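Both backbone and side-chain heavy atoms feed into the values below; hydrogens, waters and symmetry mates do not. Fair warning: this is a prediction, and the values are worked out from it, not measured in the lab. Whatever order the structure lists ligands and atoms in, that order sets their numbers, starting from 1.
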Amino acid sequence: MRPLDLRSDTVTRPTPEMRAAMASAEVGDDVLERDPTMAILEARVADLLGLEAALWVPSGCMGNLIGLMLHLRRGDRFLAPAQAHVLGSELGTGAWLAGGMPEALAWEGGPGRPTPAQVTKTAGSPGPYYTLRSRLLCLENTHNFAGGTVTPVAEHRALVAAAKAAGLAVHLDGARLWHAAAALGCPLAELTAGVDTVQVCLSKGLGAPMGSMLGGSAAAMVEARRLRKMLGGGVRQGGVVAAAGLVALDYLPRVAEDHAKIQRLADGLRAFGVAAPVPETNILLVPVADAPGALTALEAVGVRVLPVGSAIRFIAHRDLTAGDIEEALRRLEPVALSLRSA
Ligand SMILES: *Cc1c(COP(=O)(O)O)cnc(C)c1O
């Protein structure tokens with residue numbers, strides 16, 4: 001039985017178009033000078049994000065880490081929504097390598113989102129020399145572990161305004177900013193308004209084999225390039241993978257198809273009596289009573305998923321067809337009891 005892989009939108013394989021672009025990519029040494037294809041990709045993404053400049057990085061984690069390193073000095077506090085990727089899923093690099101003191105903000109503004117008032121209150125005001133200094137707000141849109149939830153434009157702007165008023169820089173973890181923009185039907189640049197840096201993943205949802213982009217001011221990207229080199233992310237003929245990244249951007253107008261796929265899955269599961277919420281983007285979190293039991297039952301019928309806390313996470317992506325979703329539902333119906341929430 002062919003496994004249906006809904007573990008992540010990173011499991012996609014490069015398309016024939018990507019492989020062809022990789023084979024014929026124009027390249028140079030990106031450490032010594034510039035790789036021409038990476039330069040084209042960086043200019044394209046900066047433009048899409050409405051920012052001055054962008055920098056290719058091998059992974060989203062490195063992009064976020066460079067963002068944090070740009071804004072923090074050792075001992076500085078950074079705020080992020082509870083369960084943000086930078087808090088729990090980057091192996092503590094925000095503290096270990098960027099020197100930050102993490103502060104999680106509860107989701108008082110909705111799933112995955114703090115309120116501007118929380119930002120103001122938690123940032124506090126600069127006290128005497130012996131007080132902890134808050135320097136950065138790190139946002140996440142969409143918020144992965146809240147279930148791919150979207151921060152709308154007005155709320156984004158209010159959060160950034162609160163951060164700026166409190167003297168904080170803003171980094172946006174936009175691993176799936178594509179999905180937020182698609183769900184809202186707005187340009188990507190609306191969702192980067194006011195941020196100092198943003199990280200977007202080419203390998204999440206868009207199908208590139210690797211790579212993320214960090215965006216920000218031209219001056220910030222000069223410093224970011226230095227930090228990338230320090231972290232071992234200075235690559236030579238990176239145009240080979242940047243070429244795939246350029247092709248991956250062609251999927252942007254189709255991102256909403258993956259939202260429709262996961263909505264269909266959620267509707268189907270609800271018809272089987274499963275307590276599936278209405279997904280906002282391409283992620284569906286189903287709360288279950290027994291996550292390990294559910295994983296085993298689903299694996300046995302050839303549906304691959306991942307646990308997120310006490311929930312099961314289903315993610316739709318470009319390598320799953322609408323027919324695959326119907327097939328997944330056929331396989332899930334007999335084991336739907338394993339997805340019960342109590
Ligand atoms: C996957 C992810 C990252 C990190 O990306 P990698 O390319 O896996 O390092 C960062 N933030 C969020 C929200 C993610 O989902």
_Pick from Asp173, Asn144, Ile315, Asn141: the one approaching atom 11 (N) of ligand 1 most closely through a non-hydrogen atom_ = Asp173
Protein residue, atom and distance nearest to [atom], heavy-atom basis:
atom: atom 6 (P) of ligand 1; answer: Gly60 N, 3.4 Å
atom: atom 10 (C) of ligand 1; answer: His85 ND1, 3.3 Å
atom: atom 14 (C) of ligand 1; answer: Lys204 NZ, 2.8 Å

_Where ligand 1 meets Asn64 - atom numbers and elements under 4.0 angstrom, heavy-atom basis_ = 10 (C), 11 (N)
_Taking 4.0 angstrom as the limit and counting only heavy atoms of Cys61, give me the atoms of ligand 1 inside it, by number and element._
4 (C), 5 (O), 6 (P), 9 (O)
_Thr115/Glu108 under side chain to side chain donor-acceptor pair (under 3.5 Å): CA gap, chis, key distance, verdict_ = CA-CA 6 Å; Thr115 62; Glu108 290 175 18; 4.6 Å; no
*Going by heavy atoms, is Glu90 under 4.0 Å from ligand 1?*
yes
*Does His143 have a heavy atom less than 4.0 Å from any atom of ligand 1?*
no
*asked:* Arg176 versus ligand 1: do any nitrogen or oxygen atoms come within less than 3.5 Å of each other?
replied: yes
*Taking all non-hydrogen atoms of both residues, which atom of Leu184 and which atom of Val153 are closest, and how far apart?*
CD1-N, 4.3 Å
*Would you call the rings of Trp107 and His143 parallel, tilted or perpendicular if under 30° counts as parallel and over 60° as perpendicular?*
perpendicular
*According to a 4.5 Å side-chain heavy-atom criterion applied to Ile, Leu, Val, Met, Phe, Trp and Tyr, with indirect links allowed, do Leu202 and Val255 form part of one hydrophobic cluster?*
yes
*Thinking salt bridges, do Glu327 and Arg331 make one under a 4.0 Å N-O criterion?*
yes
*So which bit of Thr10 gets within less than 4.0 Å of ligand 1, heavy atoms only: side chain, backbone, both or neither?*
neither
_Just to verify, which of Asp196, Thr197, Asp76 counts as forming a side-chain hydrogen bond (donor to acceptor under 3.5 Å, both in side chains) with His71?_
Thr197
_If the test is side-chain contact (heavy atoms from CB on, under 4.5 Å), which one of Thr281, Asn282, Asp5 qualifies with Ile315?_
Asn282
